[in-house]
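Read the structure below first, then the notes.
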Amino acid sequence: MKWITWMVLAVGVWGLVGGCKDKGQRGSSSEILIGEFASMTGATATFGQSSHEGLMLAVEQVNEKGGVLGKKVKVISEDNRSDANEAVTAVQKLISRDRVVAVIGEVASKRSLAGGGVCQQYKIPMLSPASTNPTVTQVGDYIFRICFTDDFQGGVCAKFAEKRGWKKVAIFTDVANDYSKGLTAGFKDGYQGTIVADESFREGDNDFKAQLTKIKATGPDAVFLPGYYTDVVKVVKQARQLELNVPFFGGDGWDSPTTLAAGAVMDGCFYTDHYSPDDPRPAVREFIAAYQKKYARTPDAMAILGYDAGMVMMDAIKRAGKSEPAAIRDALAATKGFPGASGTITIDEKRNARKPAFVLELKGGKTHIADTIEPG
Ligand code: PHE
């Protein structure tokens with residue numbers, strides 16, 4: 001009986017140690033596991049769907065050429081249903097259950113802030129493709145982005161308003177959205193004209209007539225609307241019904257197939273963005289061609305940023321020489337002059353990227369480049 005007891009004990013201890021060892025070695029699997037949290041469904045589903053498609057294209061291209069460090073890269077995606085609390089749960093799952101070595105996400109700043117807290121806590125590097133709110137990367141030294149920030153984007157909107165001769169601007173902010181509030185702050189910082197109205201709404205509202213009536217009474221030359229596409233089209237439609245016919249303008253949150261599909265009602269409105277499908281640069285043309293081939297549609301800004309986020313992350317893992325979170329973090333921080341499809345990406349000491357912005361004009365369901373502004 002004695003030897004059996006010992007055997008059982010030994011096997012138990014071996015199993016325990018073996019199990020722990022496996023669990024402890026993040027990055028030891030036969031593939032390199034990267035987590036992605038995205039809004040694949042819910043209110044802002046086009047954000048998540050586009051960035052996901054871009055990311056998958058990048059991974060496919062790299063895997064076709066043999067992968068990274070001799071291994072194939074595998075993306076594990078979690079849908080957060082456009083919800084910040086779900087984003088926390090999604091990232092927790094990716095880190096604890098799936099044991100990913102790095103995380104890509106999110107598009108919306110609010111959800112990047114939520115998921116970023118978890119990544120920072122577990123010291124898992126996170127790279128946001130598209131979140132522009134300045135506070136996102138301030139969450140900690142494991143949080144990075146490959147796009148410009150809203151102090152810059154807000155300044156671009158302010159400069160553009162002045163160039164257009166808009167001396168009186170009304171502001172209409174989504175106060176339930178960190179992104180919107182940050183962009184308004186950036187605009188106010190840079191704008192030299194007069195802000196004649198400063199009204200607010202909350203994401204998901206359906207009736208904007210009271211605020212729009214107030215705005216109309218102040219006689220603005222234009223209305224600054226730093227919201228997401230879901231609300232922007234509703235607001236502009238109601239403004240036109242009230243015969244508030246001045247241009248509306250906003251930031252990258254307008255970018256969605258939904259805004260284009262709204263058609264003529266958005267004519268003469270403008271928004272700043274990371275990308276234009278009319279950009280003649282070869283890297284952009286190549287990306288658009290590959291994306292169209294795979295998905296049979298024209299990519300938007302989230303798609304190209306999702307693609308670049310994937311490429312930068314895989315390049316960092318390669319430079320790290322091992323798929324270990326702390327080493328990947330250091331390699332991400334050292335990213336310099338990376339030739340992205342959306343532009344050259346250098347990560348600065350605040351873990352942000354500085355890139356030019358486009359101002360796009362909407363006409364007949366299409367965008368046209370109205371201006372390009374370099375970071376100062
Ligand atoms: N910049 C937005 C945010 O931080 C997200 C976004 C990026 C939306 C790119 C559209 C295009 O919330």
Side-chain angles (χ1 to χ4, degrees), residues 37-40 42-55 80 82-84 87 104-116 126-139 143-157 173-187 203 225-233 249-260 270-277 279 298-309 340-343 345 351-360 362 367:
F37 67 118
S39 54
M40 299 301 289
T44 49
T46 76
F47 286 173
Q49 290 163 1
S50 291
S51 61
H52 175 72
E53 287 182 0
L55 172 61
N80 58 45
S82 302
D83 182 89
I104 289 182
E106 227 264 9
V107 169
S109 291
K110 193 172 179 172
R111 296 191 288 269
S112 283
L113 284 163
M126 177 181 119
L127 182 59
S128 167
S131 286
T132 46
N133 187 287
T135 60
V136 168
T137 47
Q138 291 164 15
V139 166
I143 316 299
F144 299 83
R145 81 180 106 218
I146 54 146
C147 57
F148 53 64
T149 58
D150 286 332
D151 2 18
F152 171 64
Q153 183 169 214
V156 168
C157 292
T173 310
D174 173 1
V175 289
N177 183 340
D178 295 302
Y179 157 76
S180 190
K181 287 189 286 182
L183 200 46
T184 288
F187 179 81
E203 203 166 1
L225 176 60
Y228 284 158
Y229 70 93
T230 39
D231 299 304
V232 160
V233 175
F249 66 115
D252 55 350
W254 284 37
D255 187 325
S256 169
T258 306
T259 306
L260 302 179
F270 300 86
Y271 64 99
T272 46
D273 212 344
H274 309 261
Y275 148 89
S276 157
D279 191 332
T298 305
D300 53 23
M302 285 71 60
I304 198 167
L305 291 172
Y307 177 83
D308 276 353
S342 66
I345 296 162
R351 299 173 298 283
N352 299 324
R354 285 156 57 88
K355 287 151 85 192
F358 293 95
V359 183
L360 304 178
L362 285 159
T367 58

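Keep in mind that this is a model prediction, so the values were computed, not measured. In listed order, ligands and their atoms are each counted from 1. When a residue number appears, it is its place in the shown sequence, counting from 1.
In terms of protein heavy-atom proximity, atom 6 (C) of ligand 1 is nearest to Val107 CG1, 3.5 Å. Shortest contact from atom 4 (O) of ligand 1 to any protein heavy atom: Ser109 OG, 2.4 Å. If you check which protein heavy atom lies closest to atom 10 (C) of ligand 1, you get Asp252 O, 2.8 Å.
The distance criterion of under 3.5 Å between nitrogen or oxygen atoms is not met by His274 with respect to ligand 1. Residue Thr132 has at least one N or O atom closer than 3.5 Å to an N or O atom of ligand 1. Polar contact with ligand 1: absent for Ala301 (N/O pair, distance under 3.5 Å).
Ser128 places a side-chain N or O within 3.5 Å of a backbone atom of Glu106 that can act as its donor or acceptor partner.
Note: Phe47 and Tyr228 have perpendicular aromatic rings, judged against thresholds of 30 and 60 degrees for the angle between ring planes.
For the residue pair Ser342 and Asp308, a side-chain donor N or O sits within less than 3.5 Å of a side-chain acceptor on the partner. A donor-acceptor contact under 3.5 angstrom links the side chains of Thr137 and Arg145, judged on distance only.
Each of Thr230, Val107, Asp83 was scored for a side-chain contact (heavy atoms from CB on, under 4.5 Å) with Thr44, with one residue passing: Thr230. Remark: of the listed residues Asp255, Asp252, Asp300, Thr132, Asp252 is the sole one forming a side chain to side chain donor-acceptor pair (under 3.5 Å) with His274. Of the residues listed (Thr367, Val156, Leu360), the one engaging Asp273 in a side-chain contact (heavy atoms from CB on, under 4.5 Å) is Leu360, and it is the only one.
Here is the list of ligand 1 atoms found below 4.0 Å of a heavy atom in Tyr228: 3 (C), 12 (O). Within ligand 1, counting atoms from 1 as listed, the ones closer than 4.0 Å to a heavy atom of Tyr179 are 1 (N), 2 (C), 3 (C), 4 (O), 12 (O). Here is the list of ligand 1 atoms found below 4.0 Å of a heavy atom in Ala108: 12 (O).
Of the heavy atoms in Met302, only side-chain atoms (C-beta onward) come closer than 4.0 Å to ligand 1.
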